[in-house]
> 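Dropping the structure in here first, questions after.
Positions are given from 1, in the same order as the sequence printed here. The analysis underlying the following values was restricted to heavy atoms, covering all of them including side chains, and did not include hydrogens, waters or symmetry mates.
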Amino acid sequence: VQLQASGGGLVQAGGSLRLSCSASGRTFSAYGMGWFRQAPGKERIFVAAITARGDQIYYEDSVLGRFTISRDNAKNTVYLQMNSLNPEDTAAYYCAGSSGELLWNNARYSDSYSYWGQGTQVTVSS
């Protein structure tokens, strides 16, 4: 599956952005999907994930209550709605697809995902 992320940009602290990740190539609805982010000089870290059926969702603690992951299987797209953004959210954001089952104990690990999109930059100014 090929993934294409979009929706990044420059926003002031307290603002919102919605990232999109469009998938093509295979049956999108069979894949669990995740979002990761990587700030300059830091490791790529987990942000959020949603199972193939959309019945389980996982978040990294620092984004809980501010970010919402969702998917539209009819549009082959996964979204990340980001509210109350702060400068610590500045990073390149990557979407990823997993052909395996995403569970609470594996969704946050990069190795659980086989497919990656290119990053979309999110910059939050103070």
Side-chain angles (χ1 to χ4, degrees):
V1 62
Q2 290 78 45
L3 303 176
Q4 178 78 30
S6 62
L10 174 65
V11 63
Q12 289 187 332
S16 299
L17 282 174
R18 188 176 81 157
L19 306 183
S20 299
C21 177
S22 299
S24 62
R26 294 197 178 184
T27 306
F28 175 73
S29 60
Y31 290 82
M33 299 297 297
W35 286 97
F36 288 73
R37 64 186 179 185
Q38 187 169 19
K42 296 187 177 181
E43 294 184 350
R44 188 174 300 186
I45 62 172
F46 170 76
V47 176
I50 185 169
T51 54
R53 295 186 299 274
D55 57 345
Q56 295 293 330
I57 289 175
Y58 312 101
Y59 294 102
E60 195 269 330
D61 287 348
S62 70
V63 307
L64 192 62
R66 301 188 298 123
F67 291 11
T68 302
I69 188 172
S70 62
R71 65 188 298 157
D72 185 338
N73 287 344
K75 295 183 178 179
N76 287 1
T77 302
V78 62
Y79 304 97
L80 185 68
Q81 176 67 43
M82 305 186 296
N83 299 328
S84 301
L85 286 161
N86 59 62
E88 290 70 39
D89 296 315
T90 295
Y93 283 71
Y94 298 86
C95 59
S98 173
S99 57
E101 185 176 6
L102 291 179
L103 303 171
W104 68 271
N105 60 350
N106 71 356
R108 63 183 59 251
Y109 299 108
S110 299
D111 290 348
S112 299
Y113 301 84
S114 301
Y115 306 96
W116 292 84
Q118 89 296 352
T120 185
Q121 180 67 35
V122 172
T123 303
V124 184
S125 62
S126 58

> Taking a hydrophobic cluster as the set of Ile, Leu, Val, Met, Phe, Trp and Tyr residues connected by side-chain heavy atoms closer than 4.5 Å, whether directly or through intermediates, do L19 and W116 fall within one such cluster?
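Hydrophobic grouping puts L19 apart from W116.
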> Return each pair, listed once, that meets side-chain hydrogen bond (donor to acceptor under 3.5 Å, both in side chains) where at least one residue sits in residues 95-105; pairs must be two or more places apart or across chains.
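Pairs touching residues 95-105 that pass the test: none.
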> Only counting residues at least two apart or in another chain, list the ones meeting side chain to side chain donor-acceptor pair (under 3.5 Å) with S6.
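Expected list: none.
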> Can you pull the disulfide bond (SG atoms under 2.5 Å apart) pairs that have at least one residue in residues 24-75, sequence neighbours excluded?
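Not a single pair qualifies under disulfide bond (SG atoms under 2.5 Å apart).
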> Once you round to the nearest 0.5 Å, how far does OG of S70 lie from CD1 of I50?
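Interatomic distance, S70 OG to I50 CD1, rounded to 0.5 Å: 6.5 Å.
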> Is it the case that the side chain of T90 and the backbone of T123 share a donor-acceptor pair, with hydrogens and angles ignored and the cut-off at 3.5 Å?
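No.
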> What pairs with D111 under salt bridge (Lys or Arg N to Asp or Glu O under 4.0 Å), at least two apart in sequence or on another chain?
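For D111 there are no salt bridge (Lys or Arg N to Asp or Glu O under 4.0 Å) partners, ignoring immediate neighbours.
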> Identify, with sequence neighbours excluded, every residue that meets side chain to side chain donor-acceptor pair (under 3.5 Å) alongside E60.
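If we apply the side chain to side chain donor-acceptor pair (under 3.5 Å) test to E60, skipping adjacent residues, the hits are S62.
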> With rounding to the nearest 0.5 Å, note down the distance linking CE in M82 to OG1 in T68.
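Spacing of CE (M82) from OG1 (T68) equals 11.0 Å.
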> Considering only residues two or more places apart or on different chains, which pairs with a residue in residues 43-126 satisfy disulfide bond (SG atoms under 2.5 Å apart)?
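Passing the test, one end in residues 43-126: C21-C95.
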> Cluster question for you: counting only ILVMFWY and a side-chain heavy-atom cut-off of under 4.5 Å, with indirect links fine, are I69 and Y94 together?
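No; tracing contacts between hydrophobic side chains, which count when under 4.5 Å, never links both residues.
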> Report yes or no: does Q38 contribute a side-chain atom to a donor-acceptor pair with the main-chain N or O of Y93 at less than 3.5 Å?
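Side chain of Q38 to backbone of Y93, a donor-acceptor pair under 3.5 Å: no, none is there.
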> If you look at every heavy atom in L80 and A48, which pair is closest and at what distance?
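Minimum heavy-atom contact is CD1-CB, 4.2 Å.
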> Could I get the full list of salt bridge (Lys or Arg N to Asp or Glu O under 4.0 Å) partners for R37, not counting sequence neighbours?
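Once residues adjacent in sequence are excluded, the partners of R37 under the salt bridge (Lys or Arg N to Asp or Glu O under 4.0 Å) criterion are D89.
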> Who pairs with S16 by side-chain contact (heavy atoms from CB on, under 4.5 Å), at least two apart in sequence or on another chain?
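Applying side-chain contact (heavy atoms from CB on, under 4.5 Å) to S16 gives Q81, N83.
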> Sort and list the pairs that fulfil side-chain hydrogen bond (donor to acceptor under 3.5 Å, both in side chains) and have at least one residue in residues 41-55, not counting sequence neighbours.
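As it turns out, the side-chain hydrogen bond (donor to acceptor under 3.5 Å, both in side chains) pairs with a partner in residues 41-55, which skip direct neighbours, are T51-D55, R53-D55.
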> What's the shortest heavy-atom distance between N73 and A52, and which atoms?
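For N73 versus A52, the nearest heavy atoms are ND2-O, 3.6 Å.
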> Looking at residues at least two apart in the chain, or sitting in another chain, which of them share a side-chain contact (heavy atoms from CB on, under 4.5 Å) with V11?
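Only L17, L85, V124 meet the side-chain contact (heavy atoms from CB on, under 4.5 Å) criterion with V11.
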> Please round to the nearest 0.5 Å and tell me the distance separating atom CD1 of I57 and atom CZ of R71.
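Those atoms lie 10.0 Å apart.
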> Among the clusters formed by ILVMFWY side chains lying less than 4.5 Å apart, do M33 and W35 turn up in the same one?
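Same cluster: M33 reaches W35 through Ile, Leu, Val, Met, Phe, Trp or Tyr contacts under 4.5 Å.
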> Could you check if a side-chain atom of V47 sits within less than 4.5 angstrom of a side-chain atom of F67, using non-hydrogen atoms only?
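A side-chain contact under 4.5 Å exists here.
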> Shortest non-hydrogen contact from S126 to A13?
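Heavy atoms only, the tightest pair is CA-CB, 4.3 Å.
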> Could you grab the distance from atom CD of Q12 to atom OG of S125, nearest 0.5 Å is fine?
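Separation between the atoms: 5.0 Å.
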> Would you say the side-chain atoms of T77 pair up with the backbone N or O of K75, donor to acceptor, closer than 3.5 Å?
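Here the side-chain-to-backbone pair exists.
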> Compute the centroid of each ring, for Y115 and then for Y31, and state whether the two points are separated by less than 6.0 Å.
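Yes, the ring centres sit under 6.0 Å apart.
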> On a heavy-atom basis, which atom in S112 and which in L102 lie closest, and how many Å separate them?
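Minimum heavy-atom separation between S112 and L102: CB-CD2, 4.5 Å.
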> For the hydrophobic clusters of this structure (ILVMFWY residues joined by side-chain heavy atoms under 4.5 Å, transitively), does one cluster hold both V122 and F46?
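Hydrophobic grouping puts V122 apart from F46.
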> Distance check, rounded to the nearest 0.5 Å: Q4 atom CD versus S22 atom OG?
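Between atom CD of Q4 and atom OG of S22 there are 7.5 Å.
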> Sorted by first residue and then second, give each salt bridge (charged side-chain N to carboxylate O under 4.0 Å, His left out) pair with at least one member in residues 112-126; sequence neighbours left out.
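Passing the test, one end in residues 112-126: no pairs.
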> Go through the structure and list residues passing ring pair (Phe, Tyr, Trp, His ring centres under 6.0 Å) with Y113, not counting sequence neighbours.
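Per chain and number, Y113 pairs via ring pair (Phe, Tyr, Trp, His ring centres under 6.0 Å) with F36.
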